Amino acid sequence: MSGGELTLGALPARLEEQQREIAAQAEATRGRIAELIPQLEEFDRGAEGVRISRPLGGARPRR
């Protein structure tokens with residue numbers, strides 16, 4: 001057997017380890033998404049403010 005092969009008895013333990021690693025990565029990703037959502041909402045509010053304050057049709061006031 002080479003170094004990369006698992007015995008049939010070791011396979012369930014390795015699968016459980018992989019499952020724990022993936023679950024930890026998923027939880028970390030969920031946490032990062034939760035951090036980013038307020039930032040995205042703030043950017044949306046800022047963009048909306050720019051849209052509201054920009055002159056309609058790009059027309060400039062005459063002098």
Side-chain angles (χ1 to χ4, degrees):
M1 218 185 291
S2 68
E5 295 179 11
L6 295 174
T7 64
L8 191 55
L11 185 59
R14 178 63 185 134
L15 291 174
E16 286 180 24
E17 179 184 342
Q18 286 179 334
Q19 183 180 8
R20 283 191 300 275
E21 290 170 1
I22 292 168
Q25 290 172 352
E27 187 61 31
T29 301
R30 281 188 205 92
R32 184 66 181 130
I33 290 169
E35 292 171 4
L36 291 172
I37 287 172
Q39 287 180 309
L40 289 170
E41 290 170 346
E42 185 176 333
F43 293 149
D44 282 342
R45 285 190 297 274
E48 183 64 27
V50 169
R51 282 190 291 272
I52 290 170
S53 65
R54 185 176 60 197
L56 295 177
R60 293 186 192 176
R62 294 184 183 181
R63 291 185 182 183

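These numbers were taken from a predicted model, which means no experiment stands behind them. All heavy atoms count here, side chains included; hydrogens, waters and symmetry mates do not.
A salt bridge is absent between Arg45 and Glu48; no separation between the charged side-chain nitrogens and carboxylate oxygens falls under 4.0 Å. Comment: Arg20 does not engage Glu17 in a salt bridge, judged by the lack of any side-chain N to carboxylate O separation of less than 4.0 angstrom.
Atom CD1 in Ile22 sits 11.5 Å away from atom OG1 in Thr29 (nearest 0.5 Å). Rounded to the nearest 0.5 angstrom, Glu16 CD and Leu11 CG are separated by 10.0 Å. Interatomic distance, OG1 of Thr7 versus CZ of Arg14, reported as 13.0 Å (0.5 Å rounding).
In terms of heavy-atom proximity, Pro38 sits nearest to Ala34 at CD-O, 3.1 Å.
Gln19 CD: 12 or fewer foreign heavy atoms inside a 6.0 Å radius.
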